[in-house]
Amino acid sequence: MAIDFTPISPEIGGQATGLTGSRLIEPEAAAQVRAALDRYGVLIIREANISDADLVTLSRQLGNVVVPPRGGTDDHPEVQKISLDPAKSELATYQQGTFYWHMDGANDTIPQFATLLVARQVSDEGGDTEFANMYAAYAALPEKEREEYARMRVVHSLAATQILVYPNPTEKQREAWKRVPSREHPMVWTRGNGRRSLLVGATADHVVGMPADESRALLDRLLEWSTQPRFTLRHHWTPGDLVIWDNTGMLHRALPYQPTSPRLMHRTTLVGEEAVA
Ligand code: OGA
Ligand code: MN
């Protein structure tokens, strides 16, 4: 049976309702979900109420699943708990970095292909998630700028994001951030299939070979351009919602919520399939 997604806006997002976890793990579903992901960038599946076991099954049918070294649930090491509460998530101290536009794994040679996020508990205030379509943002730039940016390279680092959260870091924090290797990528990612997207965001530290203030101004301007309303989508969560996004071509961020909030997301990530080129 066909899984139908309807467009949310002209530039980003497709949604489906009435798709439960058990439908999503039917053998023919994965190919349809992947095709929809290609087309819409972000898939909102309202009240999918998918179990962790089915989330893992679906994820495996969509690609290779990342097994993170920490932060997994007891039953499913692939399922990471996303929360600002240190009692719920080992990674809580880094989670405020998610309040800034980013791509997951931007410091890796091969950033993750896709992320699946399920709302287990939601926040009363804040905690929506926003997405920005970086294919559309790039395509809409004037040709001259597209060519110019395609020649630039950008260094991405954990420190670039964390300094936004902790503007006055201790020496210990700086040391910890530095232990995560930074990574240089082209500013424009050209896929094997010819699609191109801008690769900027909070992880973007500087443009290679450009004076620092000019580099900062350009990165800020491009992020502002890419996150205009026409390229973005904001999702307000209901418990049980499942959102899947093409992590290579969408930036995303959580809107701020309190560390004491009950908000709890379960997340799986799919291994990247293409190096940034
Ligand atoms: C993430 C992330 C956003 C959110 O899990 O990588 O950025 O809304 N989450 O929790
Ligand atoms: Mn993220």
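In this chain, residues are counted from 1 in sequence order. Just follow the structure's listing: the first ligand is 1, and inside any ligand the first atom is 1.
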Ignoring hydrogens and angles, state whether a donor on the side chain of Trp237 or Thr129 is under 3.5 Å from an acceptor on the partner side chain. yes
Give me the atom names and distance for the closest heavy-atom approach of Tyr135 to Ser197. CD2-CB, 3.7 Å
Counting only heavy atoms not in Arg195, do more than 12 sit closer than 6.0 Å to its CZ atom? yes
Row check, Trp189 ring normal vs Arg191 NZ/CZ: under 6.0 Å, within 45°: yes
State, yes or no, whether a side-chain contact exists between Val207 and Leu219 at a heavy-atom distance under 4.5 Å. yes
May I ask you to check whether Phe99 and Tyr257 place their ring centres under 6.0 Å from each other? yes
Carboxylate-amine/guanidinium contact Arg267 Asp104, below 4.0 Å: yes
Enumerate the protein residues lying less than 4.0 Å from ligand 1, judged by heavy-atom distances, in chain and residue-number order. Ile82, Thr98, His102, Asp104, Leu117, Thr129, His252, Ala254, Arg263, Arg267
Note: Asp38-Arg34 ion pair, threshold 4.0 Å (strictly below): no
Going by chain and residue number, what protein N/O/S atoms come nearer than 2.8 Å to the Mn ion (ligand 2)? His102 NE2, Asp104 OD1, His252 NE2
Arg196 charged N/C atom sitting above Tyr138 aromatic ring, 6.0 Å / 45°: no
